[in-house]
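Quick notes on the structure that follows.
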There are 2 protein chains.
Amino acid sequence: MAGKPTIADVARAAGVSKGLVSFALNDRPGVAADTKRRILAVADELGFRPSLQGRALSTRLAYSVGLVIARDPRLVAADPFYPPFIAGAEQVLIAAGRTLTLSMLAPDRDEAAHYRALADDRRVDGVLLGDLRPDDPRLPLLAELGLPAVTIGPSGDPRCSSVVVDDVAGVRATVQHLADLGHRRVAVIAGPRTLEHGARRADAFRAALHERGVEPLIVETDFSPAAAAEVADRLLDLPAEHRPTALVCGNDVAAVAATGRAMRRGIRVPLDLSVCGFDDAEIAQWTHPALTTVGTHPTRWGAAAAQALLDLLAGGAPTEVRLEPARLVVRDSTGPAPAGPAAPGPAPSGPAPA
Amino acid sequence: MAGKPTIADVARAAGVSKGLVSFALNDRPGVAADTKRRILAVADELGFRPSLQGRALSTRLAYSVGLVIARDPRLVAADPFYPPFIAGAEQVLIAAGRTLTLSMLAPDRDEAAHYRALADDRRVDGVLLGDLRPDDPRLPLLAELGLPAVTIGPSGDPRCSSVVVDDVAGVRATVQHLADLGHRRVAVIAGPRTLEHGARRADAFRAALHERGVEPLIVETDFSPAAAAEVADRLLDLPAEHRPTALVCGNDVAAVAATGRAMRRGIRVPLDLSVCGFDDAEIAQWTHPALTTVGTHPTRWGAAAAQALLDLLAGGAPTEVRLEPARLVVRDSTGPAPAGPAAPGPAPSGPAPA
DNA sequence: TAGGGTTCCTAAACCGGTTCAAAGACGACG
DNA sequence: CGTCGTCTTTGAACCGGTTTAGGAACCCTA
């Protein structure tokens, strides 16, 4: 017995057949109690660990789950969401003896072929689906391939579980916060509508702003800081009476970029312009001014998604797991709306400029 | 033949034995040319794809490689290095029919056990090793486990390949840049010496500063923005004649944090204080002021590391792959050293303050 | 035409588990 | 005492590849 002990070694040492050892190890009925005890003792003594590969071949299981991030790597790099998400998912998966198989798929690569290969090769038993799109074509594909899936965000598909955070709550809180500060021209530099959460948040902003009687000015971008900077420039070029007094960005890095453009023109944040981010990334608390943003818990999100997938793999029915709603974190990048040049209503209190 | 065709199906259809089909598909000698052609044709027609699991069982190969990130998830979240690194590695691996198995290991988790499990379960054929430490205990462990490894950064171990970027060049360029701007008190907010690149860069800074006659003031931190902020505060509390005129930070997020603390006290960057980052993360070009930093190419780094591992797996000898040296990217966060209160030498040119 | 070497191919073992049909042991019951 | 049912266990097939020992057919040479 040079290498690691196999199930046959255990069987021989315990004086029983391979099959019985397998039954005993897998807690299946029909094994006499003290036989089972003996087998387990022998297995333990020999330091037996079943071979994943042998088991995989007969069970047709991979004991691994996939995470497919379908986005340009450069955008992923600027997005602090995934690392903690992955950390959370990992923690749960490792405890369950599973590993995480990661795929970062540039958008120009053939998605369908990739999923198909993943399924055909039985590399994963299920997948965590990020960057969900409206009517995502991956959902029917995965169903066809027989791969259980958990979506990050609401899918509307009864075949897969999803883990959702009510970020509408965060959106409404943001709008309320800005409205309370007197802002009446608020621009939203939103993510692309081709992303489910991009569209959902944009709609939520539109509704919340409208509800407060603020004219919604929503610009769709690709979530990149470059796009945010460019849009910010364009908005700040507007004549003073049309220029927004607050900018709400789709993520924190975009907010940093927008703030940067404003400061470059001498526009002070938050004195002349308020800026909000989204995600509550680590960086948000360290910029100057520290960023007002909407926070979720990517780590918990990852853990919940992994758990939901494990439940699904164990034969559970698809569910929708709701995490705690996104929370507005007020920091220093938002302040009272500046008195506009022709702004109606009372002038700001305090001494007038000399 | 309900499911996918197996090698036995191909053998039957081609009228030969399983073994011969295996030989033909794997380009092994001893198969008559036209028999081989026929077998391949039949396999193609049937849409045969060998089962990974069957193959894995007999070859004892996983056709997957591991990436183990040994760091607190929160620190990984703030570090924009890994996502593009992973993207680069993935691209190469997928082309070679391998997948990436990711492990994010919180530092409190039992590392050795994790690697051992990875090896025992044959989940991976080799690993990419990040966050290298001096005399890293993982190197002998992996050697014992028989897992080929490629280190990110120099390992000094002849058993594994490594992919290195000469960031000393970037360090020297940074010091020269600051020295040219007249800085004589430069503080380095370095990463921990428990990380190989932390120690290496700190040493390089010490040497380069010393060489230029600048007193090296090197503070070791854990790379986190929080630590950078705290150290920055402490340094800026120093009496003016000891206060550094330039801060060099271990990464870009730390630099943003340090800049934030300075600005909070009304210290203008770069007028009163110059700040440098490291990594050239996406965010560096969008902050205000845009960050002077040292850039590498994480994507290429990832691709090179993956390729080096594939070479190792194919039986090649361990090598050290050198990528292009880190490059200083000068932006707006560095400027001429302010004239000190008791600074010797000529006063700055230009009109004196009114 | 026997002997020796190639070339091409087959059959079976092997990797390490799981699963299932069937057989053996045993006690209870009529 | 024979029969039936339950509990426990065995042996073999199976998952889908790779690998190896050996056999058949062929050519070349003496």
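First the proteins, then the strands, lettered A, B, ... as listed; each starts at 1.
No donor-acceptor pair under 3.5 Å is formed between the side chain of B/Arg122 and the backbone N or O of A/Leu52. A distance-only check finds no donor-acceptor pair linking the side chain of A/Asn26 to the backbone of A/Phe23 [under 3.5 Å]. Panel note: side chain B/Asp125, backbone B/Ala62; a donor-acceptor pair is recorded below 3.5 Å. Under the 3.5 Å distance criterion, the side-chain polar atoms of B/Lys4 are matched with a main-chain donor or acceptor of A/Asp120.
In this structure, the CZ atom of A/Arg28 is 14 Å from the C1' atom of D/dT9, given to the nearest Å. One atom, CG of B/Leu25, and another, P of D/dT19, lie 13 Å apart when rounded to the nearest Å. Put simply, CG on B/Asn26 is 7 Å from P on D/dT19, counting in whole angstrom units. Here D/dG17 presents its P atom at 11 Å from CG of A/Asp121, a figure rounded to the nearest Å. A/Ile39 has its CD1 atom 12 Å from the C1' atom of D/dT10, to the nearest Å. Between the CZ atom of B/Phe23 and the P atom of D/dT20 there is a distance of 8 Å, rounded to whole Å.
Under the 4.0 Å criterion applied to side-chain N and carboxylate O atoms, A/Glu196 and A/Arg138 are not assigned as salt-bridge partners. Of the charged side-chain nitrogens involved, none lies within less than 4.0 Å of a carboxylate oxygen, so that B/Asp34 and B/Arg37 do not count as a salt-bridged pair. A salt bridge links A/Glu144 with A/Arg116; the closest basic N to acidic carboxylate O contact falls under 4.0 Å.
Near DNA chain C, meaning a heavy atom under 4.0 Å away, the residues from residues 50-58 of chain B are B/Leu57, B/Ser58.
B/Lys18 contributes a side-chain N or O that forms a donor-acceptor pair with the base of D/dG17 under 3.5 Å.
Along DNA chain C, the nucleotide nearest to B/Gly30 and the one nearest to A/Gly19 differ in position, and the one closer to the 5' end is contacted by B/Gly30.
Dense packing is recorded around CD of A/Glu324, with more than 12 heavy atoms of other residues, nucleotides or ligands lying under 6.0 Å away.
No side-chain heavy atom of B/Tyr63 sits under 4.5 Å from any side-chain heavy atom of B/Thr99.
Contacts between chain B and DNA chain C, taken as any atom within less than 4.0 angstrom of a protein heavy atom, begin and end at C/dC8 to C/dG16.
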